[in-house]
Amino acid sequence: MSAADFRQEVEAIVKSIPKGRVMTYGQIAAIAGSPGAARIVGGIAHYGDSDIAWHRIVNKRGALASGYPGGRLAHKVALEKDGVIVSTKLSVKIKDIIWWPKLN
DNA sequence: CTGATGACAGTAC
DNA sequence: AGTACTGCCATCA
């Protein structure tokens, strides 16, 4: 596996996230083959294709991304469009909507 | 090829 | 409990 494959893995995983569910950066990084590269997932999200539902990624606390185009508010709107409940503190109930591709 | 960057995570205070 | 600091590692310029 070359290093660039990490990016493809991440994109594939994000694409596999069903509507109404989310995944954490660290989780995706681990599944993509590089545990600890959570930040990289964020970087890929920033420079990656706009065809992908990057808004379905949140940090482990369930807080929304600060660098999302348009800010956390835009991120919130995108998630709510998917039917995800976002609290007023701009965070989600990770435990309820977390998604594990391999687990089910 | 080398250095800087960051849409995180974990630990410490 | 909330805030601050450090570690991590693929990507970008």
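For clarity, every value in this text was computed on a predicted model and none was experimentally measured. A note on names: the letters A, B, ... follow the listed sequences, proteins ahead of strands, and every chain is numbered from 1.
- Against DNA chain B, the stretch residues 42-68 of chain A makes heavy-atom approaches under 4.0 Å through A/Gly42, A/Ala45, A/His46, A/Trp54, A/Asn59, A/Lys60, A/Ala65, A/Ser66, A/Gly67, A/Tyr68.
- Applying the side chain to side chain contact (heavy atoms under 4.5 Å, CB included) rule to A/Lys95 yields no partners; only residues at least two apart in sequence or on another chain are considered.
- Sorted by first then second residue, the salt bridge (Lys or Arg N to Asp or Glu O under 4.0 Å) pairs that include residues 47-69 of chain A, not counting sequence neighbours, are A/Arg56-A/Asp82.
- The stretch residues 81-89 of chain A has no heavy atom under 4.0 angstrom from DNA chain B at all.
- One atom, CG of A/Asp5, and another, C1' of C/dC9, lie 16 Å apart when rounded to the nearest Å.
- Distance, A/Phe6 CZ to C/dC9 C1': 9 Å, rounded to whole Å.
- Of the candidates C/dC12, B/dC8, C/dA10, B/dC8 carries the atom nearest the A/Tyr25 side chain, counting heavy atoms from C-beta on.
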Could you pull out the protein-nucleic contacts involving nucleotides 3-6 of chain B (nitrogen or oxygen on both sides, under 3.5 Å)?
unit_1: B/dG6; atom_1: N9; unit_2: A/Arg39; atom_2: NH2; d: 3.2
unit_1: B/dG6; atom_1: N7; unit_2: A/Arg39; atom_2: NH2; d: 3.2

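- Following chains of ILVMFWY side-chain contacts shorter than 4.5 Å, one can reach A/Val41 starting from A/Trp100, so the two form part of one hydrophobic cluster.
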Any N/O pairs under 3.5 Å between the protein and nucleotides 11-13 of chain B? List them or say none.
none

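- A/Leu73 has its CG atom 18 Å from the P atom of B/dA7, to the nearest Å.
- As a whole-Å value, the separation of A/Ile31 CD1 from B/dC8 P is 18 Å.
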Taking only distance into account, with no hydrogens and no angle test, what donor-acceptor pairs under 3.5 Å do side-chain atoms of residues 30-40 of chain A form with protein atoms, sequence neighbours excluded?
none

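- Looking at A/Ile85 and A/Val92, their side chains never come closer than 4.5 Å, going by heavy atoms from C-beta outward.
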Name each donor-acceptor pair under 3.5 Å that joins a side chain in residues 14-26 of chain A to protein atoms two or more places apart or in another chain, with its distance.
unit_1: A/Ser16; atom_1: OG; unit_2: A/Ile13; atom_2: O; d: 2.5
unit_1: A/Thr24; atom_1: OG1; unit_2: A/Gln27; atom_2: N; d: 3.1

N/O donor-acceptor pairs under 3.5 Å from side chains in residues 62-81 of chain A, not counting sequence neighbours:
unit_1: A/His75; atom_1: ND1; unit_2: A/Ala65; atom_2: N; d: 3.1
unit_1: A/His75; atom_1: NE2; unit_2: A/His55; atom_2: O; d: 2.8

